[in-house]
Asks: 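If you scroll down you'll find the structure; I have some questions about it.
Treat the numbers as computed from the prediction; the structure is a model and nothing was measured. All heavy atoms count here, side chains included; hydrogens, waters and symmetry mates do not.
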Amino acid sequence: MTVTQQPENKNQGQRTVAEFVEIIETLTQEVQELYCLDAIPWVIGYSGGKDSTATLQLIWDAIAKLPVSKRKKVVHVITTDTLVENPIVASWVRNSLIQMKKAATDQQMPFEPHLLTPEVAQTYWVGLIGKGYPAPRHKFRWCTGRLKIDPSNNFIRDVVRANGEAIVVLGTRKTESLNRALIMAKREARRVRERVSPHPSLINSQLYTPIEDWRTDEVWLYLMQWQNPWGYSNKDLFAMYRGATADNECPLVVDTSTPSCGSSRFGCWVCTLVDSDKSLTAMIQNDEEKEWLQPLVDFRLELDIENDRHKRDFRRIWGEVQLFERNVNGETSVEPIPGPYTKYWREHWLRRLLEAQTKIRRTAPAEMRDIYLITPEELSEIRRIWLQEKHEFDDSVPRIYKEVTGEDFKDPRPGAGYSLLGSDEWEVLEELCGDDAMHLELMAKLLDTEYQYRKRGRRVGIYDALEKCFDTSSRSQEDAIKNAHLKRDLREAVSEGNVAKVKQLTLGDALLAEVNQEESTSDSTVNNWKNIKFKNKE
C-alpha cells in the first residue's frame, strides 16, 4: 500500500495558510488509509497540551469522515497523571477525558480514553518521602521513568500482548527543540513508511508522528480554526497557555516574525530539574484567582538540591559508605557520597506537604477543594516503608497527619496499625541511647528485626538480617568513613601491586589489635568470658 504523500514544500518556514490547509487535507487522507490498512490497534499519547490535542483532533476528524462500518479498529487515548501535575492542567485533562468518552459514544467513534497513574510503590512521594531518595537532579533523574514512561509503556505492552502489535501515535514535532529534531532524524532512517518507524524500546510497536513538520504557530492556527470534535474548548486551552506565559501574551501568528506561546510548558509542579515551575508561577502572577496555588511554589523552592548534603545520610540507601573525589576550592577532597534523606528530613517534607495540602483545601475554588497532593495510598506505603524497611517503629505518619490536619489518618491497608513496639518504646530507647544516633539506629533495627521474624512461621534468614544490621549501623559515622577510606586505599594498593602498602594496611591493623588484646589480658585477674570458661582448676 502506498500512503498518500504530503506535498513537498522546500520553503517550509514560509508556508502560507493555503498551503497549510492543503497539508491538513493530505494528512487526513493519510490517516484514513493507515487506519484502514490493518487491524492493528492505535494508542494515542494525550497530555492535554497543544501538540497532543492537535494530533488527537486530526486523527479524530479523519476517522469521523469514514463510514461507521469502517470505524472498527479501537483507538486508545492514554494520559499519564504523575500525581504531581499542575493541578489546573490535571483537572483540565481529567475533564477532557470524561467529555471525550461521552462524545465517542454519541458519535459512534472507536476512541477509548484511559487515565494512567504510576504504581503506588513508584510514585514521587513514596520515593522522596518514603525511601528518602533525594530530589531528582540531572545526575540522578529517578522520577521520569517511574512516573511517566513506565505506566504508558506497560499499557502499550498489554495492547501488544493482546493483539500482537500496536501503533503508537505521538504529537512530537521537529521544531520543538534541536535535540528532538536530531532524535527524529535518526528514526527516519529506519522508517517503514511515511512518518511511521519502529518504536525504539517497545517490541512489535510502531511510532506514527503526523504533525512532525508543523510549526508552533501552525499548531495554534489549527486548534483555533478547526473545531474540537469532542466538544472541548480549544480557546480555553489557548487561554491556559497564555496565563502560563510570564508576559501573559500568547498571540495567534501565521508567520515566523511573531513569537508564539509554545514555550510555556506544563509539567510536574515539584520538578527540581528546572529552577522553578515558570508556568505555575506565571499563572499565579497573571490571575489573582489562582493565588491558592502559592503553597506549591513555596514547597518547590524549599526543595533545594544545591545545598542538601546536610539533609542526607552519609551512607547510601543500602547502608554502605561510598567515597567520591570532589573539587573543593581547587583541591581534591575524597568524601562520602550523600545518601537518602535522614529521618528528620523525611518527616519534615511530609509535614510541609500536608501543610500545603491543608492550606490549598481551605483557599482553592469549591471544585478543587477535594484535591490530594499526596493520596492516602501513598501515605500508607510511606508508613509501611518507615515501619518495615527502615525499622522506625515510632510510627510517625499518623502522628504527623493528626498534628497537621487535625484528623485521624485512616490507613486503607488492613492491619497496618498493629505493632508491639510504638512511640512509647521509641522514646525510652532514645533516652537510653542519649546523643548516640548510630546506637539508637542499631538498637531499633535489632529490636524491630526480631519482632518482624517473631511473627513468621519459620525464622529462616534471621541471622543474616541481624548481621546486616551490624554491618550498616554498628560503627559511628567517623569510624564508618574511616573504614571506607581504608578499603579504598587497600583497593588502590592492590591495583598498583604495592605489596608493602597492602601489608601495612592489613597487618598493621591486625598487629595493633593484637597488642591491645595482650595489654587488656595481661592482668590475670581479668574476669572475661574466656578466662572464666578455660581457667585452670586448682
Asks: Taking the side chain as C-beta and beyond, is there a heavy-atom pair between Tyr451 and Phe393 under 4.5 Å?
Replies: no

Asks: Between Glu335 and Arg326, is the closest basic N to carboxylate O distance under 4.0 Å?
Replies: yes

Asks: Are a donor atom and an acceptor atom from the side chains of Asp448 and Gln388 found within less than 3.5 Å of each other?
Replies: no

Asks: Run the salt-bridge test on Glu320 and Arg315 with the 4.0 Å N-O cut-off and return the result as yes or no.
Replies: no

Asks: Indicate yes or no: at least one non-hydrogen side-chain atom of Thr449 is less than 4.5 angstrom from one of Cys469.
Replies: yes

Asks: CD of Glu165 to CD1 of Ile203: how many Å apart, nearest 0.5 Å?
Replies: 12.5 Å

Asks: Whether the Ser152 and Thr80 side chains hold a donor-acceptor pair (N or O, under 3.5 Å, no angle test) is what I'd like checked.
Replies: no

Asks: Can you see whether Trp426 has Lys343 sitting over its ring - NZ or CZ less than 6.0 Å from the centre and within 45° of the normal?
Replies: yes

Asks: Using only heavy-atom distances, determine whether the side chains of Asp411 and Ser380 contain a donor-acceptor pair under 3.5 Å.
Replies: yes

Asks: Under a 4.0 Å N-O cut-off, is there an ion pair linking Lys102 with Asp106?
Replies: yes

Asks: Where the side chain of Arg312 meets the backbone of Pro338, is there a donor-acceptor pair that is under 3.5 Å apart?
Replies: yes

Asks: Is it the case that Lys73 places NZ or CZ above or below the six-membered ring of Tyr35, under 6.0 angstrom from the centre and within 45 degrees of the axis?
Replies: yes

Asks: Relative to the ring of Phe238, is the ring of Trp220 parallel (under 30°), tilted (30 to 60°) or perpendicular (over 60°)?
Replies: perpendicular

Asks: How many angstroms lie between CG in Asp313 and CD1 in Ile337, if you round to the nearest 0.5 Å?
Replies: 13.0 Å

Asks: Is a side-chain donor or acceptor of Thr375 paired with a backbone partner of Glu378 at a separation under 3.5 angstrom?
Replies: yes

Asks: Is there a donor-acceptor contact under 3.5 Å from the side chain of Thr123 to the main chain of Glu119?
Replies: no

Asks: Check step by step if side-chain contact (heavy atoms from CB on, under 4.5 Å) holds for Thr117 and Leu83.
Replies: CA-CA 7 Å; Thr117 56; Leu83 303 180; 4.0 Å; yes

Asks: Looking just at side-chain N and O atoms, do Arg141 and Thr144 make a donor-acceptor pair shorter than 3.5 Å?
Replies: yes

Asks: Looking at Arg316 and Gly339, would you say the former's side chain and the latter's main chain have a donor-acceptor pair under 3.5 Å?
Replies: no

Asks: Listed by chain and number, what are the side chain to side chain donor-acceptor pair (under 3.5 Å) partners of Thr53, not counting sequence neighbours?
Replies: none

Asks: Verify ring pair (Phe, Tyr, Trp, His ring centres under 6.0 Å) between His76 and Phe111, making sure each step is shown before the conclusion.
Replies: CA-CA 6 Å; His76 300 284; Phe111 290 83; over 10 Å; no

Asks: Taking CD in Glu289 as the centre, count heavy atoms belonging to other residues, nucleotides or ligands within less than 6.0 Å. Is the count above 12?
Replies: no

Asks: Charged N to carboxylate O below 4.0 Å: is that the case for Asp308 and Arg137?
Replies: yes

Asks: Taking Arg71 for its side chain and Met109 for its backbone only, find out whether a donor-acceptor pair lies under 3.5 Å.
Replies: no

Asks: Strictly distance-based, threshold 3.5 Å: is any side-chain N or O of Trp125 a donor or acceptor partner for the main-chain N or O of Gly130?
Replies: no

Asks: Just how far is it from atom CG of Asp394 to atom CG of Leu387, taken to the nearest 0.5 Å?
Replies: 8.0 Å

Asks: Side chains of Trp292 and Met368: does their closest heavy-atom pair fall under 4.5 Å?
Replies: yes

Asks: How about Phe324: does its CZ atom have over 12 heavy atoms from other parts shown lying under 6.0 Å from it?
Replies: yes

Asks: On the ring face of Tyr453, is Arg458 found with NZ or CZ under 6.0 Å from the centre and within 45° of the axis?
Replies: no

Asks: Could you tell me whether the side chains of Asn307 and Asp304 share a donor-acceptor contact shorter than 3.5 Å?
Replies: yes

Asks: To the closest 0.5 Å, what do you measure between CD (Glu441) and NZ (Lys390)?
Replies: 9.5 Å

Asks: Would you check, one step at a time, whether the test ring pair (Phe, Tyr, Trp, His ring centres under 6.0 Å) holds for Tyr124 with Trp269?
Replies: CA-CA 12 Å; Tyr124 185 88; Trp269 64 266; 8.1 Å; no

Asks: Give a yes or no on whether a salt bridge exists between Arg384 and Glu389, defined as a side-chain N under 4.0 angstrom from a carboxylate O.
Replies: yes

Asks: For Asp158, is there an ion pair with Arg161 - N to carboxylate O distance below 4.0 angstrom?
Replies: yes

Asks: Verify, without hydrogens or angle tests, whether Gln477 (side chain) and Phe314 (backbone) share a donor-acceptor contact under 3.5 angstrom.
Replies: no

Asks: For a 4.5 angstrom cut-off between non-hydrogen side-chain atoms, does Tyr46 reach Ser96?
Replies: yes

Asks: Tell me if a side-chain donor or acceptor on Ser233 pairs with a main-chain N or O of Asp236 at a distance below 3.5 Å.
Replies: yes

Asks: Using side chain to side chain donor-acceptor pair (under 3.5 Å), reason through Thr358 and Thr405 one step at a time and then give a plain yes or no.
Replies: CA-CA 7 Å; Thr358 302; Thr405 67; 5.8 Å; no

Asks: For a side chain to side chain donor-acceptor pair (under 3.5 Å) check, start with the C-alpha distance between Asn234 and Gln57, then their side-chain angles and the critical distance, and finish with the verdict.
Replies: CA-CA 10 Å; Asn234 287 342; Gln57 182 170 316; 3.0 Å; yes

Asks: Please list, chain by chain and in numerical order, all residues satisfying ring-ring contact (aromatic ring centres under 6.0 Å, His included) with Trp345, sequence neighbours excluded.
Replies: His310, His348, Trp349

Asks: Any sub-3.5 Å donor-acceptor pair from Gln107's side-chain atoms to Pro229's backbone N or O?
Replies: yes

Asks: Is there side-chain contact between Leu34 and Trp42, with heavy atoms separated by less than 4.5 Å?
Replies: yes

Asks: Could you tell me whether Arg383 and Glu392 have a side-chain N and a carboxylate O separated by less than 4.0 Å?
Replies: no

Asks: Output the distance between atom OG1 (Thr272) and atom CG (Leu128), rounded to the nearest 0.5 Å.
Replies: 8.5 Å

Asks: Is there side-chain contact between Ile40 and Asn163, with heavy atoms separated by less than 4.5 Å?
Replies: no

Asks: Does Glu381 reach the side chain of Pro376, with side-chain heavy atoms less than 4.5 Å apart?
Replies: no

Asks: Surrounding CZ of Phe470 (heavy atoms of other residues, nucleotides or ligands, distance under 6.0 Å), is the total greater than 12?
Replies: no

Asks: With no hydrogens and no angle check, is any side-chain donor or acceptor of Tyr232 less than 3.5 Å from a backbone partner on Trp92?
Replies: yes

Asks: Is the shortest heavy-atom distance from the side chain of Val404 to the side chain of Leu350 under 4.5 Å?
Replies: no

Asks: Roughly how far, to the nearest 0.5 Å, is CE of Met443 from CG of Leu429?
Replies: 7.5 Å

Asks: Surrounding CZ of Arg456 (heavy atoms of other residues, nucleotides or ligands, distance under 6.0 Å), is the total greater than 12?
Replies: yes

Asks: Taking the basic N atoms (NZ, or NE/NH1/NH2) and the acidic carboxylate oxygens, is any pair closer than 4.0 Å for Glu355 and Lys359?
Replies: no

Asks: Are Asp298 and Gln294 close enough that a side-chain donor and a side-chain acceptor fall under 3.5 Å?
Replies: yes

Asks: Under the rule for side chain to side chain donor-acceptor pair (under 3.5 Å), what residues qualify as partners of Asp464, not counting sequence neighbours?
Replies: none

Asks: Under 4.0 Å between a side-chain nitrogen and a carboxylate oxygen: does that hold for Glu347 and Arg351?
Replies: no

Asks: Determine, step by step, whether Thr216 and Lys50 satisfy the side chain to side chain donor-acceptor pair (under 3.5 Å) criterion, reporting the C-alpha distance in whole Å, the side-chain angles of both residues, the deciding distance to 0.1 Å, and the verdict.
Replies: CA-CA 9 Å; Thr216 299; Lys50 64 183 190 311; 5.3 Å; no

Asks: Quick check: closest heavy atoms across Tyr341 and Pro134, and the distance to 0.1 Å?
Replies: CE1-CA, 3.6 Å

